[in-house]
**Student:** 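Structure incoming, see below.
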Amino acid sequence: MTATDGPAPTFYEQVGGHETFERLVRRFYEGVAADPVLTPMYPEDDMEGAIWRLTAFLEQYWGGPGTYSEQRGHPRLRMRHNPFHINPDARDRWLGHMRAAVQSLALPPLLEATLWDYLERAAFAMVNTFEETP
Ligand code: HEM
């Protein structure tokens, strides 16, 4: 350490900042768009808005700019997901598309594992029903 060392880089910076998160989320939504269970849940006429919301949330979570909360308030993710029917099938589909998107980034293994571990835990926490997809 020398006096010229800045603060330790955030995870957001380590993975490549905004460009990386936007690439991740756009790739993820390509998968969602082709998924018959998930697509109907998403706002057809506002996919750019949905891309922005998930990108900004993840950037904020990992130490990037706090724009998500400036515009959307406290995330309250479980509450915001209440209107959607998230059973284990929906969760596994969501995770499948996210897994492909994460892998497409080809991050260093430790960074990839850190990101994936969080996404997997968060997705399990978002399940709000065990009823079959209606
Ligand atoms: C487990 C399966 C999941 C399903 C089926 C699901 C589905 C959805 C849907 C349909 C929306 C509305 C799209 C929009 O208009 O923004 C949404 C929003 C969102 N989701 Fe998920 N989601 C899941 C898991 C997650 C996880 C694990 C995270 C975080 C790591 C997450 C973060 C978000 C965020 C930040 C928003 C926007 C909230 C807002 O500001 O309104 N979701 N999700």
Side-chain angles (χ1 to χ4, degrees):
M1 266 285 216
T2 70
T4 55
D5 284 337
T10 60
F11 184 86
Y12 170 79
E13 290 165 330
Q14 288 181 58
V15 296
H18 173 72
E19 197 258 336
T20 300
F21 283 95
E22 177 149 4
R23 209 145 45 90
L24 171 73
V25 172
R26 287 194 180 277
R27 176 65 190 259
F28 166 72
Y29 274 119
E30 281 173 26
V32 168
D35 188 304
V37 170
L38 297 183
T39 329
M41 297 188 199
Y42 286 87
E44 208 181 349
D45 54 351
D46 187 26
M47 284 314 284
E48 283 301 315
I51 289 167
W52 183 86
R53 288 184 282 277
L54 185 54
T55 305
F57 169 80
L58 291 173
E59 291 180 342
Q60 174 173 303
Y61 179 86
W62 290 108
T67 328
Y68 176 85
S69 281
E70 279 162 28
Q71 304 219 4
R72 305 285 294 161
H74 190 285
R76 299 184 201 288
L77 281 191
R78 256 196 71 90
M79 190 196 78
R80 288 193 206 258
H81 286 77
N82 274 345
F84 312 118
H85 191 94
I86 306 185
N87 61 15
D89 177 50
R91 173 200 67 204
D92 292 345
R93 287 168 180 269
W94 192 100
L95 278 171
H97 303 304
M98 195 49 99
R99 180 85 202 142
V102 167
Q103 279 171 342
S104 78
L105 298 175
L107 295 171
L110 188 57
L111 297 178
E112 179 178 307
T114 303
L115 179 59
W116 180 247
D117 182 61
Y118 162 74
L119 291 165
E120 200 171 35
R121 274 183 297 114
F124 271 73
M126 225 58 83
V127 171
N128 54 23
T129 178
F130 290 89
E131 309 267 325
E132 297 275 305
T133 304

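Read the numbers this way: they start at 1 and go in the same order the structure lists the ligands and their atoms. For the numbers below, each heavy atom of this structure counts, side chains included, while hydrogens, waters and symmetry mates do not. Position 1 is the first residue of the sequence; numbering continues from there.
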**Student:** Find all atoms of ligand 1 within a distance of less than 4.0 Å from any non-hydrogen atom belonging to Ala50, and give their numbers and elements.
**Tutor:** 14 (C), 16 (O)

**Student:** With a 6.0 Å cut-off (strictly less than), is the heavy-atom count around CD of Glu132, excluding the residue itself, greater than 12?
**Tutor:** no

**Student:** Quick one: do Trp116 and Leu107 satisfy side chain to side chain contact (heavy atoms under 4.5 Å, CB included)? Show the steps, please.
**Tutor:** CA-CA 11 Å; Trp116 180 247; Leu107 295 171; over 6 Å; no

**Student:** Using a strict cut-off of 4.0 Å, indicate which atoms of ligand 1 neighbour a heavy atom of Ile86.
**Tutor:** 1 (C), 2 (C), 3 (C), 4 (C), 5 (C), 6 (C)

**Student:** Tell me, which protein residue and heavy-atom name are nearest atom 37 (C) of ligand 1, and how many Å apart are they?
**Tutor:** Arg53 CB, 3.8 Å

**Student:** Using the side-chain hydrogen bond (donor to acceptor under 3.5 Å, both in side chains) rule, pick out the option among Asn128, Thr133, Thr129 that qualifies with Asn87.
**Tutor:** Thr133

**Student:** Would you check the N or O atoms of Tyr118, main chain and side chain alike, for any that come under 3.5 Å of an N or O of ligand 1?
**Tutor:** no

**Student:** Which residue and atom name correspond to the protein heavy atom nearest atom 32 (C) of ligand 1, and how close is it?
**Tutor:** Leu54 CD1, 3.6 Å

**Student:** Quick one: does any side-chain atom of Gln14 pair with a main-chain N or O of Leu111 as donor and acceptor, under 3.5 Å?
**Tutor:** no

**Student:** Taking all non-hydrogen atoms of both residues into account, name the closest pair between Gly63 and Thr10 and its distance.
**Tutor:** O-CG2, 3.8 Å

**Student:** Would you indicate which of Met126, Met47, His81 comes nearest to atom 22 (N) of ligand 1 when only heavy atoms are counted?
**Tutor:** His81

**Student:** Go through ligand 1 atom by atom and flag the ones less than 4.0 Å from a non-hydrogen atom of Ala122.
**Tutor:** 27 (C), 30 (C)

**Student:** Taking the minimum heavy-atom distance to atom 39 (C) of ligand 1, which of Phe84, Tyr68, Trp94 ranks first?
**Tutor:** Tyr68

**Student:** Going by an N to O cut-off under 4.0 Å, is there a salt bridge joining Arg91 and Glu120?
**Tutor:** no

**Student:** Please check whether Arg72 reaches ligand 1 - meaning an N/O of the residue sits under 3.5 Å from an N/O of the ligand, judged on distance alone.
**Tutor:** yes

**Student:** My understanding is that only one of Tyr68, Tyr118, Tyr12 makes a side-chain contact (heavy atoms from CB on, under 4.5 Å) with Leu58; could you say which?
**Tutor:** Tyr118

**Student:** Note the single closest protein heavy atom to atom 29 (C) of ligand 1, along with its residue, its atom name and the distance in Å.
**Tutor:** Leu77 CD1, 3.7 Å

**Student:** Name the option, out of Trp52, Tyr42, Phe57, that contains the heavy atom nearest to atom 35 (C) of ligand 1.
**Tutor:** Phe57

**Student:** Using heavy atoms and a threshold below 4.0 Å, how should the contact between Arg80 and ligand 1 be classified: side chain, backbone, both, or neither?
**Tutor:** side chain

**Student:** Considering non-hydrogen atoms only, spot the tightest contact between Met41 and Ala90 and give its length.
**Tutor:** CE-CB, 4.0 Å

**Student:** Tell me whether Tyr29 has any N or O atom under 3.5 angstrom from an N or O of ligand 1.
**Tutor:** no

**Student:** May I ask you to say whether Arg26 pairs ionically with Glu30, meaning some side-chain N is under 4.0 Å from a carboxylate O?
**Tutor:** no

**Student:** Numbering the atoms of ligand 1 from 1, which are under 4.0 Å from a heavy atom of Pro43?
**Tutor:** 13 (C), 15 (O)

**Student:** With a 4.0 Å cut-off on heavy atoms, does Phe124 reach ligand 1?
**Tutor:** no

**Student:** At less than 4.0 angstrom from any non-hydrogen atom of Arg91, what atoms of ligand 1 do you find?
**Tutor:** 1 (C), 2 (C)

**Student:** Quick one: closest heavy-atom pair of Pro36 and Ala34, and the distance?
**Tutor:** CD-O, 3.6 Å

